[in-house]
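Lettering of chains follows the sequences in order, A, B, ..., and the numbering in each one begins at 1.
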There are 2 protein chains.
Amino acid sequence: MSKQQLPIIDAGVNVADAACCAPLLCEPLSESEAAELAPLFKAIADPVRLRLLSLIACHEDGEACVCDLTVAFDLTPPTISHHLKVLKQAGLIDSERRGTWVYYWINPGMLERLSVVLGPRVAETA
Amino acid sequence: MSKQQLPIIDAGVNVADAACCAPLLCEPLSESEAAELAPLFKAIADPVRLRLLSLIACHEDGEACVCDLTVAFDLTPPTISHHLKVLKQAGLIDSERRGTWVYYWINPGMLERLSVVLGPRVAETA
DNA sequence: TCCACATATAGATCTCTGTCAAATTAGAGC
DNA sequence: GCTCTAATTTGACAGAGATCTATATGTGGA
């Protein structure tokens, strides 16, 4: 299955630092932090991919077959496949083939990381 | 000053809905919600713009002169100016001229909106 | 084995975007 | 008014990206 799905990221933002406020607002992002985060944001910076992400997350059992997704758009299957690949390469989703169909699900840690960068973290059972 | 800075967005995501979990994960994003959110994410989906945002937010008094920003990058002034314009058009920052210099500051509401879409909201003094 | 169906890949095309150099606008001070 | 500096606009160009058609791969059933 070639080299398509190396989940690139371990973006250098550590959750402890986020206790006070959004890391982005606490202290200047380093060049390398920015370089790691930008591709993640780029992956979700597309209306089709945002909806794909949402459709997958909200689908029964938290996973969806490509066929479920394709029908929700006015786009060809290759295009949907392309967008899914982009999301997967960013580490935001994962997939598995089961018989004829391929199922995708969300990697929630990735979304949370982005959320943390932008805003204050949820109080840990404060 | 032409038409550059209409803050486009009032992305149809309402904070009340976010009480349980990230809107993105609660129910499928509508086509129009996705269309409004994607440009916002696109604005921050660039390493230079992420750092600009962060530099501005962390600068003294929460605002920074363009001259402070330009020196932090290995890019020409027109390029920095371009990125600032993108951020401003997205409504993420605002600016004002004071004498010779132009100052930029963060519009915190915008960042928070994006954070809310991706992750659970901070407990309101739970 | 062969066919039908579900996905993915390859290649082409058109559009969008990041960057720079050059020219322009805006203030401040002489 | 002139000139210096700060910042933006314009125009050009190269690289990235979204989409399609055509083709390939993989799986299950006749």
Quick one: is D:dA6 close enough that its OP1 or OP2 comes under 4.0 Å of any side-chain N or O from B:Y104? no
If you compare every side-chain N and O of B:T79 against the phosphate oxygens of C:dT19 (OP1, OP2), does one of them come in below 4.0 Å? no
So if I take every side-chain heavy atom of A:V48 and compare against C:dT19, C:dT9, D:dT19, which nucleotide ends up nearest? D:dT19
B:H82 has its side chain closest, among D:dA18, C:dT19, C:dT17, to C:dT19
Quiz item: cation-pi between B:R97 and B:Y103, 6.0 Å / 45°: no
Length of the line joining [X]:[atom1] and [N]:[atom2], which is rounded to integer Å:
X      : N      : atom1 : atom2 : value
A:K42  : D:dA16 : NZ    : P     : 10 Å
B:H83  : C:dC20 : NE2   : C1'   : 12 Å
B:E96  : D:dT8  : CD    : C1'   : 17 Å
B:Y103 : D:dA7  : OH    : C1'   : 13 Å
A:L52  : C:dT7  : CG    : P     : 13 Å
B:K85  : C:dG18 : NZ    : P     : 13 Å
B:L84  : D:dT9  : CG    : C1'   : 14 Å
A:R49  : D:dG17 : CZ    : C1'   : 8 Å

With sequence neighbours excluded, tell me which residues meet side-chain contact (heavy atoms from CB on, under 4.5 Å) with A:V86. A:A43, A:R49, A:H82
Does the protein touch nucleotides 21-30 of chain C at the base, only the backbone, or not at all? Give it as B, S and - per nucleotide, heavy atoms under 4.0 Å. BB---SSS--
DNA chain D-proximal residues of residues 66-75 of chain B, any heavy atom under 4.0 Å: B:V66, B:C67
Return whichever of B:C65 or A:D46 has its heavy-atom-nearest nucleotide of DNA chain D closer to the 5' end. B:C65
Heavy-atom pair of closest approach, residues B:R51 and A:A34: CG-CB, 3.4 Å
Note: A:L118 and A:A22 closest approach over all heavy atoms is O-CB, 3.2 Å
Hey, what do you get for [atom1] ([X]) to [atom2] ([Y]), rounding to the nearest 0.5 Å?
X      : Y     : atom1 : atom2 : result
A:I106 : A:C58 : CD1   : SG    : 8.5 Å
B:S81  : B:L69 : OG    : CG    : 10.5 Å
B:L53  : A:L29 : CG    : CG    : 9.0 Å

Salt bridge present between B:R98 and B:E63 (N-O < 4.0 angstrom): yes
Identify which one of B:T79, B:L84, B:L75 satisfies the side chain to side chain contact (heavy atoms under 4.5 Å, CB included) criterion when paired with B:V48. B:L75
